[in-house]
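Structure first, then comments.
Here is the naming used below: chain letters follow the sequence lines, and residue numbers restart at 1 for every chain.
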There are 2 protein chains.
Amino acid sequence: MKIGELARLSGLTPSRIRFYERIGLLKTVDRRPNGYRTYPQQAVMILGLITTAQRAGFTLDEIRTLLPPDLEHWDHATLMDALTRKIADIEALQARLAQSRVHLLRLIEDIQARPDDMDCAANAHRVLTNMLAEQPEALDVTSDDIRLLDKTNRRQSVSPGRRKKMASR
Amino acid sequence: MKIGELARLSGLTPSRIRFYERIGLLKTVDRRPNGYRTYPQQAVMILGLITTAQRAGFTLDEIRTLLPPDLEHWDHATLMDALTRKIADIEALQARLAQSRVHLLRLIEDIQARPDDMDCAANAHRVLTNMLAEQPEALDVTSDDIRLLDKTNRRQSVSPGRRKKMASR
DNA sequence: CCTAACGTTGAAGGTAGCTTTAAGGTCAAG
DNA sequence: CTTGACCTTAAAGCTACCTTCAACGTTAGG
């Protein structure tokens with residue numbers, strides 16, 4: 001199958017597939033005499049695997065080191081290790097998010113808790129001082145590869161101006 | 001106070017402070033006759049406010065539109081609105097993280113649940129098929145400005161090679 | 001007077017993950 | 001024989017948030 005069909009089947013754009021090949025995430029594919037790339041059925045599964053791994057929070061670099069040349073022969077130990085560490089990363093992130101959330105909730109409460117005898121300016125100062133005072137231990141996230149979510153997992157990184165329809169599921 | 005001292009007090013680098021000024025996040029400061037920037041005490045609080053807002057998930061753009069020219073006079077309605085929406089963003093992220101987490105946990109379980117009579121290659125195929133089959137509704141995150149965490153909230157975006165010590169909090 | 005530490009600027013670089021563009025070649029239908 | 005849909009490449013652009021560099025001026029201390 002040609003790249004366009006693979007793109008349709010996988011929900012990725014052709015440029016993205018070529019990009020993955022360029023950075024060595026996909027091994028170089030066979031070419032037809034005319035230079036067109038030609039993919040085996042399995043390619044759909046590989047791409048599905050990659051996007052799934054991305055949504056789980058793996059970087060393309062990580063995915064590359066984990067992906068075996070042959071889909072049937074994985075490095076079991078390394079894979080399990082990576083999965084386990086990624087879960088730990090997620091949990092660290094969850095802790096930070098939870099912290100940010102209560103921080104914001106407390107801030108809202110604090111703003112609304114303006115004493116009757118205080119004007120807005122003074123209240124602003126009170127809230128500010130409170131907020132800057134409470135800087136807890138900032139939840140030291142030990143793992144360095146927090147790369148979950150953000151753009152990668154966003155709806156679609158939309159170019160300035162017009163939107164594309166592009167499958168992307 | 002000069003920029004170096006402000007940097008020390010705030011924990012930011014001078015380049016970062018100048019950068020903030022350049023993008024209009026900080027209003028242009030007074031200069032001494034020699035051209036050096038000179039900051040009022042309040043600047044420390046403003047920078048603290050900015051980094052705190054960043055850690056809560058606000059982009060510099062958002063912060064700029066929220067920051068009043070005068071720290072005492074906020075746009076109460078807009079601020080509350082932004083805070084509320086940011087909390088909603090966080091909650092959406094939390095839901096996605098939770099989903100990713102159970103996804104990974106189930107994957108681990110599935111890998112380990114290899115039937116005794118199945119070899120590794122066949123098991124790999126079984127797991128892969130299972131995994132690609134279960135693509136739930138993907139938790140439609142509605143809010144578009146999910147920009148929480150990631151680099152911004154990372155330890156320190158370390159340049160390739162050597163590390164710096166730079167305060168950073 | 002020299003040196004080190006600080007300040008200034010504009011421009012360029014870096015990250016991650018793509019997309020877009022430019023400039024072309026190929027192919028099937030009408 | 002033309003049109004339009006597809007394919008190719010290398011290179012540049014995009015986003016957000018800074019850092020780094022080059023080239024220079026200023027200032028405090030010994």
In this structure, how many angstroms lie between the [atom2] atom of [N] and the [atom1] atom of [X], rounded?
X: B:Leu60; N: D:dT15; atom1: CG; atom2: C1'; result: 12 Å
X: B:Ile50; N: D:dA16; atom1: CD1; atom2: C1'; result: 15 Å
X: A:Arg32; N: D:dC6; atom1: CZ; atom2: C1'; result: 11 Å
X: B:Ile17; N: C:dT9; atom1: CD1; atom2: P; result: 13 Å
X: B:Leu47; N: D:dC17; atom1: CG; atom2: P; result: 15 Å
X: B:Arg64; N: D:dC18; atom1: CZ; atom2: P; result: 13 Å
X: A:Ile3; N: C:dC18; atom1: CD1; atom2: C1'; result: 14 Å
X: A:Leu6; N: D:dC7; atom1: CG; atom2: P; result: 10 Å

Nucleic acid contacts of residues 19-28 of chain B, taken as heavy-atom distances under 4.0 Å to DNA chain D: B:Phe19, B:Tyr20, B:Arg22
Which nucleotide, [options], lies nearest any side-chain atom of [X]?
X: A:Thr13; options: C:dT19, C:dT8, D:dT19; result: C:dT19
X: A:Ser15; options: C:dT19, D:dT9, D:dC17; result: C:dT19
X: B:Gln54; options: D:dC17, D:dT9, C:dG17; result: D:dC17

Validation row: B:Leu71, A:His125 side chains within 4.5 angstrom (heavy atoms): no
Sugar-phosphate, base or nothing in reach of B:Arg18, heavy atoms under 4.0 Å: base
Side chain to side chain donor-acceptor pair (under 3.5 Å) involving [X] - partner list, sequence neighbours excluded:
X: A:Thr129; value: none
X: B:Thr65; value: none
X: B:Tyr20; value: B:Arg16, B:Gln54

Residues B:Arg85 and B:Asp89 bridged, charged N to O under 4.0 Å: no
Under 4.0 angstrom between B:Arg31 side-chain N/O and C:dT9 OP1 or OP2: yes
A:Arg37 side chain near D:dT9 phosphate (N/O to OP1/OP2, under 4.0 Å): yes
Salt bridge (Lys or Arg N to Asp or Glu O under 4.0 Å) involving A:Glu21 - partner list, sequence neighbours excluded: A:Arg37
Partners passing salt bridge (Lys or Arg N to Asp or Glu O under 4.0 Å) against A:Glu91 (at least two apart in sequence or in another chain): B:Arg101
Tabulate below the donor-acceptor pairs under 3.5 Å that side-chain atoms of residues 110-118 of chain A make, not counting sequence neighbours, or state none.
unit_1   : atom_1 : unit_2   : atom_2 : d
A:Asp110 : OD1    : A:Arg126 : NH1    : 2.9
A:Asp110 : OD2    : A:Asn130 : ND2    : 3.0
A:Arg114 : NH1    : A:Met118 : O      : 2.6

Annotated protein contacts, base or backbone, on nucleotides 23-30 of chain D with a non-hydrogen cut-off under 4.0 Å, one of B, S, - each: --BBS---
Pairs flagged by side-chain hydrogen bond (donor to acceptor under 3.5 Å, both in side chains) wherever residues 67-77 of chain A is involved - sequence neighbours left out: A:Asp70-A:His73, A:Asp75-A:Thr78
